[in-house]
Amino acid sequence: MSGLSAGTVITGGTVAGFFATCSGCKKEHHRGLMTEPVMVLEGDFSKLLSFPSQAGVNHTLTAQSTTANLKGTNIPVLGYQPNSLLGPSFRVNRGDTVNILLQNNLAEHTNIHWHGLKIPALMDGHPDQLANAGGTFRYQFTVNQRAGLSWYHPHPHEMTGRQVFQGLAGLFIINDAEEAALNLPSGQFELPLVIQDKRITPNGITYNPSMEEVMAGYMGESIIVNGVYSPYTDVATRFYRLRILNGSNARVYNLALSNNADMIIIGNDVGLLKNPSSVKEILIAPGERLDVLVNFAGNTIGTEIFLISKEFGNGGNAQGKQQFNIMKFKVASSITDTFTVPAILSNITTVPASSAVRTRTFEISNAMEHHGYPMNDGMQMRHRINGKLFDSNRIDENVAANTNELWVFDNSKGDEPHPMHLHGVFFQVVQRSGGRGNLSASESGWKDTVLVMPGETVKVIVPFESNTGKFVFHCHNLEHEDDGMMLQYQLS
Ligand code: C2O
Ligand code: CU
Ligand code: CU
């Protein structure tokens with residue numbers, strides 16, 4: 001599948017039927033937008049997978065222009081440390097207090113959002129809380145939540161997409177006693193995998209979305225894992241724990257193994273599920289995380305197994321049209337392990353939908369945005385929530401502390417996937433109607449991001465507790481977010 005020289009970039013962006021006449025209102029607008037998918041170009045899976053360095057509770061992250069080796073060439077990227085795309089992986093214990101200094105050596109402002117951490121509003125990386133060019137921001141907070149895989153990335157409004165795409169992101173892993181008691185595969189058998197798509201040229205990672213790429217989200221032709229293009233890793237004939245983040249701006253993956261082996265889902269965005277469940281394929285949207293056990297036992301030495309993304313339906317015009325390999329596992333040694341998958345992973349209390357004191361519905365079907373909602377800028381195509389674009393001076397929802405609410409994301413008339421993410425809280429997914437019509441194996445337990453496909457309406461229950469302040473919630477397609485598909489709630 002290679003044969004194309006490094007630096008060849010194939011982009012989507014052909015637009016056909018850009019405007020169509022709506023039978024309902026007889027006006028011309030953007031139904032029928034036909035952004036084509038950005039096709040993935042595979043490499044030869046000959047580069048050894050590496051892992052970001054680890055960091056503890058005291059650390060300085062220096063946002064900077066640096067270089068990283070991609071496709072054999074050192075190219076300009078953004079990083080939180082020299083000579084690398086991703087920042088270090090933090091690994092902390094529940095109860096730890098962290099003290100992280102962001103030193104902004106970029107020529108523009110930035111900040112850090114700790115995606116998946118429930119921390120005070122002023123530490124959360126709200127788009128108002130910035131480190132100016134040359135400045136600093138000190139993040140100090142106590143980690144008081146269950147074990148899980150969180151991550152961090154910039155959140156300056158209208159610049160998040162570019163800063164993340166060009167390299168700024170990292171993992172934040174929390175351990176606790178409940179998780180430790182399960183004796184899950186650890187050390188060299190626990191593999192954190194950050195999956196991203198990039199547009200790699202000899203001159204850098206290109207980020208210049210056209211209007212139609214803002215609509216579909218910006219996707220790349222090159223899949224990287226932990227910052228490595230087309231990687232492989234050696235594995236032994238035993239259980240592994242894959243801790244997967246979709247750190248892409250817009251691309252949704254339908255993960256599977258090329259030998260059709262089971263993937264045992266044990267965790268998601270905010271830690272362990274109650275029980276494991278075995279699947280053959282599973283969708284992961286930008287911002288979501290998966291904790292997966294894979295057993296390589298029974299494979300002969302030399303066997304090559306790929307983590308792949310399969311085609312999927314109902315993802316709009318730009319998503320799910322192609323199957324491709326993401327990375328290769330090479331079975332390289334024989335080990336007998338005694339690990340058995342625990343039947344019960346965690347004690348999770350279901351929050352009853354009946355405990356909600358109110359329901360808020362958010363219209364996210366942007367294709368039909370002018371029906372029933374005021375358009376504050378005519379027929380201009382923008383991504384909105386309830387017809388509104390982000391405005392940091394406007395509180396959109398006032399929520400009472402220590403109450404439970406049902407939040408409903410209505411994409412029933414939409415034609416694009418929207419992974420909806422709430423800051424400052426965790427939620428449980430109650431129901432999906434339309435589209436897939438049910439919840440996936442990774443949507444039990446606690447989450448912070450939920451994928452709402454075209455045609456779907458997804459209901460979540462959110463315990464708001466006492467973490468008061470002003471927080472954003474938004475679509476985690478970063479082009480949609482930067483385009484304004486983000487609102488604010490005030491918890492008081
Ligand atoms: Cu990972 Cu507000 O986002
Ligand atoms: Cu219309
Ligand atoms: Cu979106």
Side-chain angles (χ1 to χ4, degrees), residues 33 35 87 110-119 121 123-130 148-161 163-165 168-172 194 196 209 213-219 245-252 269-270 284-289 315-319 362-367 369 381-386 388-390 392 409-411 413-426 447-456 458 470-489:
L33 178 69
T35 305
T110 189
N111 66 355
I112 295 178
H113 169 54
W114 307 91
H115 182 138
L117 298 188
K118 199 190 280 183
I119 53 177
M123 293 290 117
D124 186 61
H126 186 282
D128 288 349
Q129 301 284 336
L130 298 165
L149 177 67
S150 294
W151 64 302
Y152 59 97
H153 62 77
H155 219 296
H157 188 46
E158 298 178 329
M159 295 157 70
T160 299
Q163 291 188 359
V164 172
F165 201 78
L168 294 178
L171 295 177
F172 195 102
V194 182
Q196 297 175 302
E213 286 165 344
V214 169
M215 295 314 289
Y218 198 70
M219 285 174 256
L245 161 69
N246 181 352
S248 308
N249 281 32
R251 192 181 284 279
V252 177
D269 305 344
V270 194
I284 183 169
E288 286 189 304
R289 286 87 74 203
N317 292 319
Q319 300 265 15
F362 299 97
E363 167 59 45
I364 57 170
S365 299
N366 287 284
E369 67 215 357
M381 266 202 294
R382 300 288 294 273
H383 290 90
R384 301 158 199 273
I385 300 174
N386 280 351
K388 294 188 281 187
L389 296 171
F390 179 66
S392 84
F409 298 105
D410 182 353
N411 195 21
K413 301 185 195 70
D415 53 13
E416 293 169 339
H418 300 294
M420 299 306 296
H421 170 51
L422 275 63
H423 286 214
V425 289
F426 306 138
K447 284 183 65 63
D448 59 44
T449 306
V450 67
L451 177 57
V452 190
M453 287 293 229
E456 294 182 354
V458 174
K470 182 173 85 161
F471 292 94
V472 294
F473 60 102
H474 59 89
C475 178
H476 218 288
N477 176 314
L478 298 184
E479 285 65 47
H480 295 182
E481 174 187 340
D482 279 344
D483 192 37
M485 197 172 175
M486 173 160 68
L487 300 183
Q488 304 187 98
Y489 71 87

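Note that ligands are numbered from 1 as they come in the structure, with each ligand's atoms numbered from 1 the same way. Numbering of residues begins at 1 and proceeds along the displayed sequence.
Within the 2.8 Å limit, His480 places at least one N, O or S atom next to the Cu ion (ligand 3). Atom 2 (Cu) of ligand 1 has an N, O or S atom of His155 inside 2.8 Å of it. Residue contact annotation: His476 places no N/O/S atom under 2.8 Å from the Cu ion (ligand 3). At a threshold of 2.8 Å, atom 2 (Cu) of ligand 1 has a backbone or side-chain N, O or S atom of His474 nearer than that distance. For atom 1 (Cu) of ligand 1, the set of nearby N, O or S atoms under 2.8 Å includes none belonging to His113. His421 lies apart from atom 2 (Cu) of ligand 1 in this respect, since none of its N, O or S atoms is found at a distance under 2.8 Å.
The only member of His421, His115, Lys447 that meets side-chain hydrogen bond (donor to acceptor under 3.5 Å, both in side chains) when paired with Asp269 is Lys447.
Take atom 1 (Cu) of ligand 1 as the corner point: the lines to NE2 of His153 and to ND1 of His115 open at 130°, to the nearest 10 degrees.
Of all the N, O or S atoms in His418, the one closest to the Cu ion (ligand 3) is ND1.
Looking only at side-chain heavy atoms (C-beta outward), Phe362 and Val452 stay at 4.5 Å or farther from each other.
Glu479 and His383 share no donor-acceptor pair across their side chains, judged by distance under 3.5 Å alone.
Under 4.0 Å is where a charged nitrogen must lie from a carboxylate oxygen, and between Arg289 and Asp448 at least one such pair does.
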